[in-house]
Amino acid sequence: MAAFSSRCSALIPVKGLAAAKSRLAGYLPPAQRAQLVLTMLHHVVATLQASGQLSRIVIVSADERVRACAVSWGAEGWPEEQPGHNAALEAAARRLRTEGVATLLTISADLPLLKSEEVAALLAQGRRYPVVLAPAHDGQGTNALLLRPPLVLPYLFGEESFRRYCEASQRRHLAYSRYESPGLALDIDTPEDLQRSGLVERWLTARSSSHCLREMTPCQSLDIPQP
Ligand SMILES: Nc1nc2c(ncn2[C@@H]2O[C@H](COP(=O)(O)OP(=O)(O)OP(=O)(O)O)[C@@H](O)[C@H]2O)c(=O)[nH]1
Ligand SMILES: C=C(OP(=O)(O)O)C(=O)O
């Protein structure tokens, strides 16, 4: 029987860069929104890798630039078999289950404060519960979802997803738990989220030391502290 961690994998959905972070459109120009997505994604991938408890990290995206970055960071980059947030996740999770993944952590790409110890704690909780939910700071969204086995619940991301995942677990008589931590709670959707994260200050510091988002290669990250 493979150890628990050897059969845990992570799945990260990433929207195409041109359409990503639309709620930041009045605050950041398109190129900076794309750079922000890649910077946060790189941080999430590096943090998952640093936890040392995931056998695979798969990024599913219709955007080939995102997939290329994933591969350059040592993750897997899969195209969307089906278009759309939940449909793309469903198809990827089905393939991972077929390939032997027993526990699947589906996690947002926009968690700049995520820490590897939070990932480890969430996975530990997954040894006791078949469903672990990490709510967003507003209590409405869901920033991470651990399912054992994959697809024991359908993907329900969207409006009030946290409440809907709880209800779906109850309907299926599945024991579920919530895991809350600062790094898992703060996803970046709005300018207020960005301010709250401290990323804006960090960027201003970076820019004053002659770094600039425009000069960065697509896969280069800002200086979000790695785990
Ligand atoms: N592969 C894929 N990922 C998606 C899709 N829509 C959202 N995501 C990802 O799902 C997570 C939550 O995304 P949202 O915050 O809802 O969307 P967003 O593009 O980041 O921000 P908004 O455009 O402001 O809604 C992020 O990791 C997104 O990149 C999609 O259609 N396909
Ligand atoms: C789609 C989701 O993300 P967001 O709320 O950031 O749009 C969700 O949490 O279900």
Side-chain angles (χ1 to χ4, degrees), residues 10-45 47-48 57-70 73 75-96 104-114 122 131-147 153-169 178-180 183-194 196-197 199 218:
L11 179 59
I12 313 172
V14 184
K15 197 191 275 186
L17 294 177
K21 295 299 151 202
S22 59
R23 284 169 275 184
L24 292 175
Y27 186 75
L28 290 176
Q32 292 202 353
R33 290 203 302 275
Q35 192 61 55
L36 175 66
V37 168
L38 292 174
T39 297
M40 295 192 295
L41 175 61
H42 192 186
H43 176 75
V44 171
V45 170
T47 305
L48 292 171
I57 299 171
V58 174
I59 289 165
V60 58
S61 179
D63 194 319
E64 61 182 357
R65 295 167 295 177
V66 172
R67 299 197 299 268
C69 284
W73 298 331
E76 298 174 55
W78 291 5
E80 292 183 345
E81 274 183 49
Q82 298 293 331
H85 192 172
N86 291 310
L89 285 171
E90 163 109 15
R94 198 173 300 284
R95 174 178 162 189
L96 284 165
L104 185 58
L105 172 62
T106 303
I107 186 167
S108 271
D110 51 5
L111 304 172
L113 304 185
L114 185 67
L122 194 153
V131 176
V132 182
L133 303 164
H137 61 88
D138 63 2
Q140 304 296 304
T142 308
N143 290 339
L145 169 69
L146 187 83
L147 297 180
L153 287 179
Y155 283 108
L156 302 167
F157 287 108
E159 287 296 315
E160 294 188 66
S161 64
F162 182 71
R163 173 181 60 76
R164 297 165 66 223
Y165 277 122
C166 291
E167 291 171 353
S169 303
R178 63 192 291 162
Y179 178 80
E180 296 190 80
L184 275 162
L186 184 61
D187 61 319
I188 304 300
D189 289 324
T190 64
E192 293 72 25
D193 294 335
L194 207 47
R196 192 177 291 127
S197 73
L199 268 177

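Here the structure is a predicted model, which is why all the values come from computation and not from measurement. Just follow the structure's listing: the first ligand is 1, and inside any ligand the first atom is 1.
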Full working for side chain to side chain contact (heavy atoms under 4.5 Å, CB included) between Tyr179 and Leu146: CA-CA 10 Å; Tyr179 178 80; Leu146 187 83; over 6 Å; no
If you count the atoms of ligand 1 from 1 in the order shown, which ones are under 4.0 Å from a heavy atom of [X]?
{"X": "Asp110", "value": "15 (O), 20 (O)"}
{"X": "Arg23", "value": "14 (P), 15 (O), 16 (O), 21 (O), 22 (P), 24 (O), 25 (O)"}
{"X": "Ala109", "value": "27 (O)"}
{"X": "Glu80", "value": "1 (N), 2 (C), 30 (C), 32 (N)"}
{"X": "Val60", "value": "1 (N)"}

Between ligand 1 and [X], is the shortest N or O to N or O distance under 3.5 Å?
{"X": "Lys15", "value": "yes"}
{"X": "Ala20", "value": "no"}
{"X": "His85", "value": "yes"}
{"X": "Ser108", "value": "no"}
{"X": "Ala62", "value": "no"}
{"X": "Ala88", "value": "no"}

Working to the nearest 0.5 Å, report the span between [atom1] of [X] and [atom2] of [Y].
{"X": "Leu36", "Y": "Tyr27", "atom1": "CG", "atom2": "OH", "value": "10.0 Å"}
{"X": "Thr47", "Y": "His42", "atom1": "OG1", "atom2": "NE2", "value": "9.5 Å"}
{"X": "Arg65", "Y": "Leu17", "atom1": "CZ", "atom2": "CG", "value": "4.5 Å"}
{"X": "His137", "Y": "Glu180", "atom1": "NE2", "atom2": "CD", "value": "12.0 Å"}

[X] side chain vs [Y] backbone, donor-acceptor pair below 3.5 Å:
{"X": "Lys21", "Y": "Ile188", "value": "yes"}
{"X": "Thr142", "Y": "Phe162", "value": "yes"}
{"X": "Arg67", "Y": "Ser61", "value": "yes"}
{"X": "Arg23", "Y": "Thr190", "value": "no"}
{"X": "Asn143", "Y": "Ser108", "value": "no"}

So which protein heavy atom does [atom] come closest to, and at what separation?
{"atom": "atom 26 (C) of ligand 1", "result": "Pro13 O, 3.7 Å"}
{"atom": "atom 20 (O) of ligand 1", "result": "Lys21 NZ, 2.7 Å"}
{"atom": "atom 9 (O) of ligand 2", "result": "Thr142 N, 2.8 Å"}
{"atom": "atom 5 (O) of ligand 2", "result": "Asp189 OD2, 4.2 Å"}
{"atom": "atom 15 (O) of ligand 1", "result": "Asp189 OD1, 3.0 Å"}
{"atom": "atom 10 (O) of ligand 2", "result": "Ser161 OG, 2.7 Å"}

Sole residue of Val131, Leu133, Leu147 in side chain to side chain contact (heavy atoms under 4.5 Å, CB included) with Tyr165: Leu133
If the test is side chain to side chain contact (heavy atoms under 4.5 Å, CB included), which one of Ile107, Leu105, Leu48 qualifies with Ile57? Leu48
For atom 3 (O) of ligand 2, is there a protein heavy atom at a distance under 4.0 Å? no
Less than 4.0 angstrom from a charged side-chain N to a carboxylate O is my criterion; do Glu167 and Arg163 meet it? yes
With heavy atoms under 4.0 Å as the rule, classify the contact between Asp187 and ligand 2 as side chain, backbone, both or neither. side chain
Verify side chain to side chain contact (heavy atoms under 4.5 Å, CB included) between Val37 and Lys15, making sure each step is shown before the conclusion. CA-CA 9 Å; Val37 168; Lys15 197 191 275 186; over 6 Å; no
Should you measure from each heavy atom of Gly141, which atoms of ligand 2 turn up under 4.0 Å away? 9 (O)
Check whether any heavy atom of Gly158 sits under 4.0 Å from an atom of ligand 2. yes
Against ligand 2, does Arg23 come closer than 4.0 Å with any heavy atom? yes
Checking heavy atoms under 4.0 Å, the part of Leu24 that sits near ligand 1 is neither
